[in-house]
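The structure appears below as structure tokens.
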Amino acid sequence: MGIKVMGVTSGRKNSNSEILLKEALIACEEAGAEVTMINLRDYNILDCTGCTSCTIGMSQGKHTGCVLDDKDDKKKIMDILLDQDAVIYSVPTYDLMPSANYLAFAQRSLSYETAFLETIGAIEHRDRVAGLISVGGSTRAWQSMALEGMQATMFTTDMKVVDMILATRVPGPAQVLLNDELIARAHKMGENIMTAVKTPAEERKWLGDEDMGWCPNCHSNALVLGEPQWDGLHYPIECQVCGAGGNLEKTEDGKWKFVIQKDGLLKDRTTVEGRARHLEEIGQTQGGFFANPENREIVGKKILRYKEKNFKGI
Ligand SMILES: Cc1cc2nc3c(=O)[nH]c(=O)nc-3n(C[C@H](O)[C@H](O)[C@H](O)COP(=O)(O)O)c2cc1C
């Protein structure tokens with residue numbers, strides 16, 4: 001069977017995100033892939049209602065799907081997307097983050113959470129790879145959560161990110177065409193994606209720029225001070241994206257680096273096992289809430305203060 005690669009963008013038509021994505025996809029096509037591409041602007045994607053009926057179901061061992069499955073285009077896209085060997089996402093940066101149309105699409109994937117569905121035996125594991133492109137008018141400074149925001153949406157559908165590009169200083173429509181280096185880098189992403197797909201899943205590794213980001217595990221450039229987690233686990237410093245835990249150490253040449261501690265990948269969100277730990281957390285916190293009828297009674301009484309209080313709207 002041939003290799004299937006899909007491109008997903010949410011940028012302006014014939015503009016920077018689309019151009020970089022198409023350049024990467026051209027490289028995939030040249031290497032023999034069957035290529036599909038969509039721009040989310042062409043589809044109707046409703047916001048997640050927040051009902052959590054999918055995770056409530058999964059935490060009880062049931063695969064319920066999403067309440068919006070037959071109401072918009074999300075399922076239609078996911079049926080194709082989840083049948084790919086690789087997906088390349090190319091998304092404009094708005095307010096330091098991935099654009100809202102992309103995030104609305106991504107946040108509708110909770111009912112597809114592969115770790116949960118695999119844990120309850122509802123689906124078979126499938127290895128997929130992904131490449132991420134963030135496209136902004138500024139430098140890293142004004143795209144500080146752009147790639148990280150996209151990375152955060154990859155776990156749910158088990159996409160192993162093997163390459164990322166931060167395309168900077170391209171604010172104008174199709175302005176990226178003045179930057180041959182970026183176009184070449186996008187082409188290289190396509191080649192990297194094909195290399196990864198052709199590598200046995202257990203041997204796939206990071207193929208992007210070697211020194212990219214703080215985190216040696218997921219290459220994000222975002223670290224936070226750790227705080228005690230639901231089960232007491234507490235790392236001094238955490239990777240904001242994959243959850244790797246460790247500390248900062250000074251290298252001989254006076255630079256800081258993030259060193260992952262021995263048990264620092266216990267809840268690595270890029271792995272099925274790591275995310276299954278989160279299912280335990282949901283089972284305890286959400287499941288525990290629903291399981292105890294006393295909780296519902298307390299909430300039922302206390303909610304009146306807020307239900308009965310209304311402020312002027314607009
Ligand atoms: C609402 C809005 C917010 C934006 N915020 C940022 C930003 O925070 N950082 C940045 O680098 N670029 C920002 N931009 C610029 C876009 O990322 C830039 O124009 C990019 O080229 C859009 O990609 P496209 O050409 O594929 O649509 C913003 C643009 C819009 C419309």
Side-chain angles (χ1 to χ4, degrees), residues 5-29 35-48 73-74 77 81 84 86-108 130-154 159 161 163-190 192-193 208-209 211-215 218-224 240-241:
V5 181
M6 183 170 179
V8 176
T9 184
S10 60
R12 292 172 287 190
K13 286 295 172 78
N14 294 313
S15 193
N16 303 304
S17 311
E18 266 202 12
I19 291 167
L20 290 170
L21 177 60
K22 283 187 178 176
E23 190 57 48
L25 293 174
I26 286 168
C28 298
E29 192 177 53
V35 174
T36 313
M37 179 183 142
I38 62 165
N39 188 323
L40 293 173
R41 289 173 185 245
D42 296 328
Y43 297 85
N44 174 31
I45 308 292
L46 297 172
D47 289 333
C48 169
D73 296 324
K74 173 70 176 176
I77 296 172
L81 190 146
Q84 305 293 312
V87 183
I88 303 176
Y89 297 87
S90 184
V91 173
T93 302
Y94 289 175
D95 296 344
L96 319 181
M97 291 174 270
S99 63
N101 54 354
Y102 170 73
L103 289 177
F105 170 77
Q107 289 169 0
R108 280 284 307 289
L132 307 181
I133 307 175
S134 280
V135 183
S138 182
T139 59
R140 162 85 199 171
W142 270 85
Q143 294 202 69
S144 51
M145 295 177 270
L147 278 175
E148 285 72 18
M150 288 175 75
Q151 281 184 281
T153 64
M154 291 297 116
M159 298 279 173
V161 178
D163 194 5
M164 298 192 286
I165 300 173
L166 188 68
T168 60
R169 308 193 72 197
V170 284
Q175 186 176 347
V176 74
L177 290 170
L178 302 179
N179 189 329
D180 292 342
E181 216 177 289
L182 262 179
I183 299 286
R185 182 64 184 83
H187 197 88
K188 178 76 183 145
M189 171 177 277
N192 286 343
I193 287 290
D209 302 340
D211 56 353
M212 189 169 195
W214 271 104
C215 180
C218 75
H219 295 271
S220 96
N221 208 1
L223 299 179
V224 288
Q240 186 170 308
V241 173

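Whatever order the structure lists ligands and atoms in, that order sets their numbers, starting from 1. Keep in mind that what you see is a predicted model, and the values were worked out from it rather than measured.
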Modelled atom types, side-chain donor and acceptor of Ser220 and Gln151, under 3.5 Å: no

For ligand 1, find out whether one of its N or O atoms is nearer than 3.5 Å to an N or O atom of Leu96. yes

Do Glu18 and Asn39 pair up side chain to side chain, a donor and an acceptor below 3.5 Å, judged on atom types alone? yes

Does any N/O atom on Arg12 come nearer than 3.5 Å to any N/O atom on ligand 1? yes

Around atom 3 (C) of ligand 1, find the nearest protein heavy atom and jot down its residue, atom name and distance. Tyr94 CA, 3.6 Å

Check whether more than 12 heavy atoms from other residues, nucleotides or ligands sit under 6.0 Å from atom CZ of Arg169, and answer yes or no. no

among protein heavy atoms, the one nearest atom 11 (O) of ligand 1 is Ser138 N, 2.8 Å

What I want to check is whether the side chains of Thr139 and Thr168 have a donor and an acceptor closer together than 3.5 Å. no

Nearest heavy atom to atom 5 (N) of ligand 1, choosing from Val135, Asp95, Leu20, Val170, belongs to Asp95

Which option wins on minimum heavy-atom distance to atom 6 (C) of ligand 1: Ile133, Leu166, Thr93? Thr93

Compare all side-chain heavy atoms of Leu25 with those of Ile88 and state whether any distance is below 4.5 angstrom. yes

Contact (N/O only, under 3.5 Å) between Ser17 and ligand 1: yes

Answer with yes or no whether Pro171 contacts ligand 1, where contact means a heavy atom under 4.0 Å from a ligand atom. yes

If you have a sec, work out which protein heavy atom is nearest atom 23 (O) of ligand 1 and how many Å separate them, to one decimal? Pro92 CB, 3.4 Å

We want to know whether Thr153 and Tyr89 form a side-chain donor-acceptor pair, criterion being a heavy-atom distance below 3.5 angstrom. no

